[in-house]
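Please read the structure below before turning to the comments.
Position 1 is the first residue of the sequence; numbering continues from there.
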Amino acid sequence: EREYPANNRGITMHLVPETQARPNVAISENVPIIAAAFMSLVLLVLVVASANVASLLLARATARLREQAIRSALGASRWRLARHAVIECLLLAGAGGAGALVLANVAVRALTTIRIAADVPLRWRIAVDHRVIAFTLAIVVGTALLAAIAPLLATRRTNLTDTLKS
């Protein structure tokens, strides 16, 4: 008020904590719809990737049909063949899921360092927490079981003698 008395007359300043100074940003009605659309796209990409992995494992199981026929002829039960396929798929899917979680951690760290030039300081509240890990685990186990059981069901009807002769 001393330097510019004509401009600053009657103007006062009050200091308040930052949490009280932040404006309440009203969320538009369209934000949940847009968020749902993006999450649907992410889920679609996840389903496509899972289907690709499952088809690769199905092709691999079909290529190993002769090996399974030999093991079955030597006395391996269907349960033993199924257990071998499930464990193999769980290991492969588990490695992929672990890699995805590591990549997610790196991406979260990179995203939290982004500073957006704005009047109001923005804070990203994203993290790889127990919910993300549980979701990843559920997707990994589900995909592995589908990828292991589908080829077994497809090859269940094959004739063992014809497979061994080929």
Side-chain angles (χ1 to χ4, degrees), residues 13-71 76-156:
M13 182 186 329
H14 298 283
L15 294 176
V16 294
E18 177 195 3
T19 55
Q20 292 178 0
R22 287 177 180 249
N24 272 339
V25 180
I27 296 177
S28 169
E29 293 176 5
N30 295 334
V31 170
I33 295 169
I34 293 170
F38 279 122
M39 287 304 294
S40 299
L41 288 174
V42 168
L43 188 62
L44 182 65
V45 169
L46 181 66
V47 167
V48 167
S50 297
N52 283 339
V53 170
S55 68
L56 287 173
L57 288 173
L58 178 62
R60 186 169 178 232
T62 304
R64 292 177 56 186
L65 186 62
R66 182 171 170 81
E67 174 193 342
Q68 287 181 349
I70 292 171
R71 294 175 95 196
S77 65
R78 287 195 183 274
W79 168 248
R80 185 170 222 159
L81 293 173
R83 187 177 61 189
H84 179 266
V86 167
I87 289 173
E88 182 179 338
C89 286
L90 279 173
L91 286 173
L92 288 171
L101 286 174
V102 168
L103 187 62
N105 271 325
V106 170
V108 164
R109 286 191 183 134
L111 283 174
T112 54
T113 60
I114 295 174
R115 300 288 181 233
I116 297 175
D119 294 337
V120 179
L122 299 174
R123 291 191 184 118
W124 299 94
R125 292 187 183 184
I126 54 176
V128 178
D129 59 356
H130 64 281
R131 293 172 293 187
V132 174
I133 294 171
F135 180 76
T136 304
L137 183 65
I139 294 296
V140 162
V141 170
T143 303
L145 289 177
L146 284 174
I149 293 172
L152 291 174
L153 293 176
T155 58
R156 180 178 65 167

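The stretch residues 37-55 participates, sequence neighbours left out, in no salt bridge (Lys or Arg N to Asp or Glu O under 4.0 Å) pair at all. Pairs engaging residues 38-50 under the salt bridge (Lys or Arg N to Asp or Glu O under 4.0 Å) rule: none recorded [sequence neighbours left out]. Applying the salt bridge (Lys or Arg N to Asp or Glu O under 4.0 Å) test to residues at least two apart or on different chains, none of the pairs has a partner in residues 137-146. Residue pairs meeting the salt bridge (Lys or Arg N to Asp or Glu O under 4.0 Å) criterion with at least one member in residues 98-111, sequence neighbours excluded, do not occur.
Considering only residues two or more places apart in sequence or on other chains, Ser40 meets the side-chain contact (heavy atoms from CB on, under 4.5 Å) condition with none of them. Checked against side chain to side chain donor-acceptor pair (under 3.5 Å), Asn52 has no partners two or more places apart in sequence or in another chain. Partners of Leu41 by side-chain contact (heavy atoms from CB on, under 4.5 Å), not counting sequence neighbours, listed by chain and number: Phe38. In this structure Arg71 satisfies the side-chain contact (heavy atoms from CB on, under 4.5 Å) test together with Glu67, Ala76, Leu81, His84, sequence neighbours excluded. The side-chain contact (heavy atoms from CB on, under 4.5 Å) check on Val16 picks up Gln20, Ala21, with sequence neighbours excluded.
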Would you mind writing out the side-chain donor-acceptor pairs for residues 136-148 within the sub-3.5 Å range, not counting sequence neighbours?
{"residue": "Thr136", "atom": "OG1", "partner": "Val132", "partner atom": "O", "Å": "2.8"}
{"residue": "Thr143", "atom": "OG1", "partner": "Ile139", "partner atom": "O", "Å": "2.8"}

Going by atom type alone, with no hydrogens or angles, which donor-acceptor pairs under 3.5 Å involve a side-chain atom of residues 88-106 and a protein atom two or more places apart or on another chain?
{"residue": "Glu88", "atom": "OE1", "partner": "Arg64", "partner atom": "NH1", "Å": "2.8"}
{"residue": "Glu88", "atom": "OE2", "partner": "Arg60", "partner atom": "NH1", "Å": "2.3"}
{"residue": "Glu88", "atom": "OE2", "partner": "Arg60", "partner atom": "NH2", "Å": "2.9"}
{"residue": "Glu88", "atom": "OE2", "partner": "Arg64", "partner atom": "NH1", "Å": "3.0"}

